[in-house]
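Because only heavy atoms are used, hydrogens play no part in the values below, and waters and symmetry mates are left out as well, while side chains stay in. Since the model is a prediction, treat every value here as computed from it, not as a measurement. The sequence lines fix the lettering, A, B, ..., with proteins before strands; numbering per chain opens at 1.
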Amino acid sequence: MPAIIELIDATKIYHKGGADIRTLDEVSLTIDEGDFVALMGPSGSGKTTLLNLLGGLDTPTSGQVLVCGQDLGALSPRELAGWRSDHVAYIFQAYNLLPVLTAYQNVELPLTLLPLSRAERREHVETALRIVGLSDRMNHRPDELSGGQEQRVAIARALAMDPRLLLADEPTGDLDAHSAQEIMNLLTTLNRDHGKTIIVVTHDPKVANTARRQLHLEKGLLMIDTQTSVRV
Amino acid sequence: MRLLLLNLFRKPLRTFLTVFGVSVALFLFCFLEAVLEAFNAGVNMADASRLVVQHKESLSFQLPLAYKSLILQTEGVTHSAGAVWFGGLSQEPGPDGKKNEEFFPQFAMDLASYLPMYPEIKIPRDQLENLMKDQAGCVMGSKIAERLNKKVGDKLTLRCTIWAQPKGELWDFNVDAIYTSASPTFDQTMMFFHYKYFDEARIFGKGGVGIFITSITDASRYQEVASQIDSRFQNSPFETRTVTEKAFNMSFVSMLGNLQLLMRSIGTAVVLTMLLVSANTMMMAARERTREMGILKSIGFTDSHVFWLLIGESMAIAMLGGIFGAGSAVLVANVIGYNPKPDFFPVFYLPARTLLSAFLIVAATGLVSGLVPAITGMRLKATEALRSV
């Protein structure tokens with residue numbers, strides 16, 4: 001499989017309170033298309049920062065981040081927004097649905113950025129909601145859904161854009177064990193049957209074991225990569 | 001657009017109160033503008049081709065009626081009519097049945113010369129014929145006729161505070177005609193009657209007039225004509241000062257001093273209050289939705305999408321308030337025709353330019369009140385926004 005992600009000495013430094021905080025320190029790694037990667041590490045180890053770099057929500061202080069063949073550091077904020085909508089989708093721990101919109105409208109929201117007719121959008125939305133098993137709840141607003149259902153709507157919203165890369169930041173963090181298992185099963189199906197490349201940030205070893213590859217970060221350094229089975 | 005509308009009604013009570021605040025403020029603004037318009041009604045009804053010849057020293061001094069023929073000899077002058085301010089009070093019973101002395105403008109006039117100069121005044125032909133034949137006849141504006149419950153054929157009695165006649169203070173007139181006007185700025189609360197009837201009856205000041213209203217052929221030559229008239233009467237016992245009708249009417253408005261400035265200041269304060277109310281709401285709304293801005297950005301919405309979403313919401317709130325506020329003002333002043341002080345404001349209406357100003361103020365309010373939250377939202381980094389609670 002060709003590489004979908006390539007990080008070359010990616011470093012991220014935040015300036016806070018007059019001090020420089022190095023959250024990622026010259027991280028280099030390659031992830032193949034269709035892979036399922038779990039990103040682990042203690043709080044503050046740089047997991048979310050790495051995820052944000054991969055999703056184009058943030059840019060590295062130095063080094064290069066190449067995703068889907070594009071050097072993200074070379075894009076303007078506007079180009080990055082367009083690139084995100086074309087290639088990447090996010091799934092968050094807090095679901096991050098818009099409370100005023102129904103499940104259908106939440107899933108449809110990113111599609112409004114594309115030149116699609118109403119009928120085409122409907123087709124995309126219905127397909128995505130069917131995949132996550134929520135066809136019967138499409139007219140419900142987030143406050144009328146359970147946590148697991150909300151997360152499935154968030155996954156449907158991510159799927160509707162048919163992205164190559166799914167980035168999930170602790171997607172089961174707020175869910176009970178049963179709902180968490182359902183979400184992980186869904187992500188596994190998306191990876192196996194739909195060929196999506198998935199990167200999941202998690203603290204949960206059970207979730208990490210679902211992935212084919214595990215990366216461990218500590219203090220901004222990539223410490224363990226199970227693909228190579230060696231400490232980096 | 002859907003998101004904008006849904007956000008607008010996310011907190012219906014807050015949106016309602018803000019829209020209500022903006023609409024009340026805009027209603028007050030429009031109402032104050034209508035009052036200012038009423039103050040300037042005389043100025044606005046003035047025509048550039050009409051001049052007023054008065055005594056050089058003061059309006060309280062009269063000019064000889066004989067000046068009329070000399071004024072008419074001036075090149076460029078077409079008509080001239082002498083007029084005297086009457087200053088009478090109506091003697092009609094009020095709603096409670098008691099005598100109600102009401103003030104309104106009355107002039108003793110050379111009607112045959114005066115009326116052709118005012119195409120704004122519309123009088124039915126038969127009424128006009130009766131008026132010209134009846135020496136004790138008068139013509140009343142439709143608004144004052146309505147207020148005093150007078151119709152053609154009625155009698156009108158005035159008590160004059162300036163001019164006395166041998167038989168006392170009360171003057172009787174026949175209401176021969178009622179005039180109307182298509183122009184919303186033209187005063188329809190005036191009353192005119194024959195100078196001859198007045199001059200024969202008064203016991204002093206006979207043969208004099210307060211002003212000559214004079215029309216000229218070319219409005220652009222008013223300075224030249226005015227100067228020719230004034231130079232004709234230079235060094236005479238009754239020197240004149242000729243001004244445009246607009247300047248003449250303006251001199252009365254200026255007597256009110258800085259009242260207009262005061263009213264404009266109140267209007268400005270009202271608009272500023274409206275701006276603060278709207279800005280506060282938008283600030284709150286944007287602060288509550290910081291995380292949602294992060295969500296929008298993370299799914300591909302650009303900074304400018306977020307900017308226009310917030311500006312659009314702010315504009316929508318201001319516009320709704322504007323529509324209700326200005327709409328209520330139009331309903332009250334122009335449709336229902338409410339006049340808070342009919343004996344003081346001869347004309348009370350909301351002109352189109354005030355509505356245009358109101359629209360611009362509302363648009364500016366929407367834009368300015370949404371600008372700070374919109375710029376903040378636009379500059380917000382998705383990663384920071386997503387961390388907010």
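Looking at every heavy atom in both residues, B:Gly300 comes nearest to A:Ser85 through CA-CB, 3.7 Å. Across all their heavy atoms, B:Lys297 and A:Leu57 have their closest contact at O-CD2, 4.4 Å. The shortest heavy-atom contact between A:Phe92 and B:Leu386 is CE2-CD1, 3.4 Å.
Other residues, nucleotides and ligands contribute more than 12 heavy atoms inside 6.0 Å of the CH2 atom of A:Trp83. Other residues, nucleotides and ligands contribute only 12 or fewer heavy atoms inside 6.0 Å of the CD atom of B:Glu146. Counted within 6.0 Å of CD on A:Glu123, heavy atoms from surrounding residues, nucleotides or ligands total 12 or fewer; the atom is thus considered open. More than 12 heavy atoms of other shown residues, nucleotides or ligands fall within 6.0 angstrom of atom CZ in B:Arg14.
Atom NE2 in B:His305 sits 5.5 Å away from atom CG in A:Leu113 (nearest 0.5 Å). The CG atom of A:Leu98 lies 10.0 Å from the CZ atom of B:Arg289; values are rounded to the nearest 0.5 Å. Taking CD from B:Glu384 and CG from A:Asp58, the interatomic distance works out to 8.5 Å, rounded to the nearest 0.5 Å. In this structure, the separation between CG on A:Asn106 and CD1 on B:Ile299 is 8.0 Å, given to the nearest 0.5 Å.
Contacts between A:Pro110 and chain B at a heavy-atom distance below 4.5 Å involve backbone atoms as well as side-chain atoms. For A:Asn96, the parts sitting under 4.5 Å from any heavy atom of chain B are the backbone and the side chain alike. In this structure, chain B has no heavy atom under 4.5 Å from any part of A:Leu80.
Put simply, of A:Ala81, A:Ala94, A:Gly56, the one with the most heavy-atom pairs under 4.5 Å next to chain B is A:Ala81. Between chain A and the residues B:Ser298, B:Ala382, B:Gly294, the largest count of heavy-atom pairs under 4.5 Å involves B:Ser298.
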* To do: Could you go through the side chain to side chain contact (heavy atoms under 4.5 Å, CB included) check for B:Ile295 and A:Arg157 one step at a time?
  => CA-CA 12 Å; B:Ile295 298 169; A:Arg157 181 178 65 190; 3.6 Å; yes
